[in-house]
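To find a chain, count down the sequence lines: A is the first, B the second, and so on, and within it residues start at 1. Small disclaimer: the values here were computed from a predicted structure and weren't measured.
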There are 2 protein chains.
Amino acid sequence: MNAASFYGQAPKHLVAVDCIIFGFDEGKLKLLVMKRKLAPMAGEWSLVGGFVQAEESTDDAAARVLKLTTGLEDIYMDQLHCYGEVNRDTGARVISVAYYALIRIKDHDRPLAQEHGAHWLELHEIPTLIFDHNRMINDALVQLRNNAHFHPIGFELLPEKFTLSQLRSLYEEIYQKTLDKRNFRKKILSLDVMEKLEEKDKTSSKKGAHLYRFDPARYEVLMRKGLVFEI
Amino acid sequence: MNAASFYGQAPKHLVAVDCIIFGFDEGKLKLLVMKRKLAPMAGEWSLVGGFVQAEESTDDAAARVLKLTTGLEDIYMDQLHCYGEVNRDTGARVISVAYYALIRIKDHDRPLAQEHGAHWLELHEIPTLIFDHNRMINDALVQLRNNAHFHPIGFELLPEKFTLSQLRSLYEEIYQKTLDKRNFRKKILSLDVMEKLEEKDKTSSKKGAHLYRFDPARYEVLMRKGLVFEI
DNA sequence: TCAAAAGTGTTTACGTTACACCCATGG
DNA sequence: CCATGGGTGTAACGTAAACACTTTTGA
């Protein structure tokens, strides 16, 4: 058997990407879901997705789909899982590779998202979506929690400058439990991966809270020294 | 746009599965790799793999490939990652979904494996494999370590009945570090997920070591009560 | 002057680590 | 009788958890 026939015998498949896009706004963790405007399934809720093109990696396809809906590039994305059940899509056999993305809601192109029928919903507002998209969301939440525990990915959801209260409320949202204020400050500051700025944020208190900035370079150095990030 | 044209526009892809098959034998963690007998790439080392068929889920394809090479069914398998780079396969554009499996080496069909050109190699013996297969193995090792840390998957690699010394040496292999004998016993026994048998194994000492058996039902009950398995 | 969020230390409990000797037995 | 691996407990240490009051300042 030569190479041509070896590959030629095998069946080909539609391959899609679906994106679970997380944002954090007004103290709440939110998800971008779309109400489809086009057939098939017009009017149904779904994740943002699209087909993988011939000259495009699955990672690139996910990035393209994200940009198409939010206008954002160079965003934190991670592959979640490949969903390969034969009948998962009711229209055709489609293998879907799911990705989850963390974005700063404030940065995204709101009109563009609206034009695509996209809505930001809180976790408890998520309706029934098409196919296995609810399962994808559940899987993404589990992975987000695991991942946030040992990697500094929370910062991807916050503005560049943030207060410790904002950071804590983000982790409270992700883990769905309240965290002790003093212990949280102690732990996160002891990691020594944030820069304390002179500026204060006065939008949420009269006294004002110091702003901090995550320092990726510092994080890298500490990782190489064997620091275990855990929060 | 109707459903037919919506799906019809999208390109189709070859989709493969590749299996990283771990075994544990003579105190060593081993991997099943094949020396290909057929073109293309005859003589090259590769993982065990195959194409996803039309009426077959990716999970089923991985299970089929595993059975084809080892004769084993109902084996612990978990999806690792989907590798979707355009040029990762030099013969054609192939999207590959990698799975890793944990088997009891003693149980597998040795002649069948041999017939397929399969070899069990220790980690440090792994040669350069085709395509991105070495990367897959590295990713699988990372995932095996993470996974073994919080899930009772080590037992999948041991015979049904095993001694605590065997279990410890397995974890030493997985984590690549020596573990304190007393502390290990204390920790694993405190989890209370194993049944102590009357039988002793006398193959490795004159005194004989008690055999234990993992009790999945007990584990399930404890999990539901909120126990955190960690080893 | 007071409401509202920011900021700050200490004590206690618990789990992890380090560590060395006796036991049982087959050859 | 001795070599070999099996089996056992305790003390020191470090991290996580619990917990309440003072500070600042705009309205």
Round to the nearest Å and state the distance from [X] atom [atom1] to [N] atom [atom2].
{"X": "K206(B)", "N": "dC1(D)", "atom1": "NZ", "atom2": "P", "value": "16 Å"}
{"X": "L179(B)", "N": "dC19(C)", "atom1": "CG", "atom2": "C1'", "value": "16 Å"}
{"X": "R185(A)", "N": "dA6(C)", "atom1": "CZ", "atom2": "C1'", "value": "7 Å"}
{"X": "F184(A)", "N": "dA6(C)", "atom1": "CZ", "atom2": "P", "value": "13 Å"}
{"X": "L211(A)", "N": "dA6(C)", "atom1": "CG", "atom2": "P", "value": "11 Å"}

Once salt bridge (Lys or Arg N to Asp or Glu O under 4.0 Å) is applied, what residue pairs with a partner in residues 222-231 of chain B remain, sequence neighbours excluded?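 Output for this query lists E220(B)-R224(B).
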Residue pairs, two or more places apart or on separate chains, that pass salt bridge (Lys or Arg N to Asp or Glu O under 4.0 Å) and touch residues 139-165 of chain B: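 Output for this query lists R135(B)-D139(B), E160(B)-R213(B), K161(B)-E199(B).
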Open item on the list: Tell me whether the rings of H149(A) and Y175(A) are parallel (<30°), tilted (30 to 60°) or perpendicular (>60°).
Closed with: perpendicular
- Query: Would you call the rings of W120(B) and H108(B) parallel, tilted or perpendicular, where under 30° means parallel and over 60° means perpendicular?
  - Reply: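 Perpendicular: the ring planes of W120(B) and H108(B) meet at over 60°.
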Extract all donor-acceptor atom pairs below 3.5 Å that involve side chains of residues 58-67 of chain A and protein atoms in other chains or at least two apart in sequence.
residue: T58(A); atom: OG1; partner: Y99(A); partner atom: OH; Å: 3.0
residue: D59(A); atom: OD1; partner: Y99(A); partner atom: OH; Å: 2.5
residue: D60(A); atom: OD2; partner: S57(A); partner atom: OG; Å: 3.2
residue: R64(A); atom: NE; partner: E56(A); partner atom: OE2; Å: 2.5
residue: R64(A); atom: NH2; partner: F51(A); partner atom: O; Å: 2.8
residue: R64(A); atom: NH2; partner: E56(A); partner atom: OE1; Å: 3.1
residue: R64(A); atom: NH2; partner: E56(A); partner atom: OE2; Å: 3.4
residue: K67(A); atom: NZ; partner: E73(A); partner atom: OE1; Å: 3.3

Sequence-distant partners of R110(B), side chain to side chain donor-acceptor pair (under 3.5 Å), two or more places apart
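R110(B) satisfies side chain to side chain donor-acceptor pair (under 3.5 Å) with no other residue.
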task: For T163(A), report the nucleic acid contact type (base, sugar-phosphate, nothing); a contact means any heavy atom under 4.0 Å.
output: nothing
Each nucleotide of nucleotides 13-22 of chain D classed B (base within 4.0 Å of a protein heavy atom), S (only sugar-phosphate) or -, in 5' to 3' order, makes ----BBBB--
Worksheet item: Hey, is the side chain of H210(B) poking within less than 4.0 Å of OP1 or OP2 on dG6(D), counting only N and O atoms?
Response: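 For dG6(D), OP1/OP2 do not have a side-chain N/O of H210(B) under 4.0 Å.
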* To do: Would you please say whether a donor-acceptor pair under 3.5 Å links the side chains of Y100(B) and N147(B)?
  =>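 Judged by distance alone, the side chains do pair up.
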### Task
Give me the residues of residues 195-205 of chain B where at least one heavy atom lies under 4.0 Å from an atom of DNA chain D, by number, or none.
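When residues 195-205 of chain B is checked for heavy atoms under 4.0 Å from DNA chain D, the hits, listed by number, are S204(B), S205(B).
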query = Quick one: OG on S165(A) to CG on L170(A), what's the gap to the nearest 0.5 Å?
reply =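 If I round to the nearest 0.5 Å, the distance is 12.5 Å.
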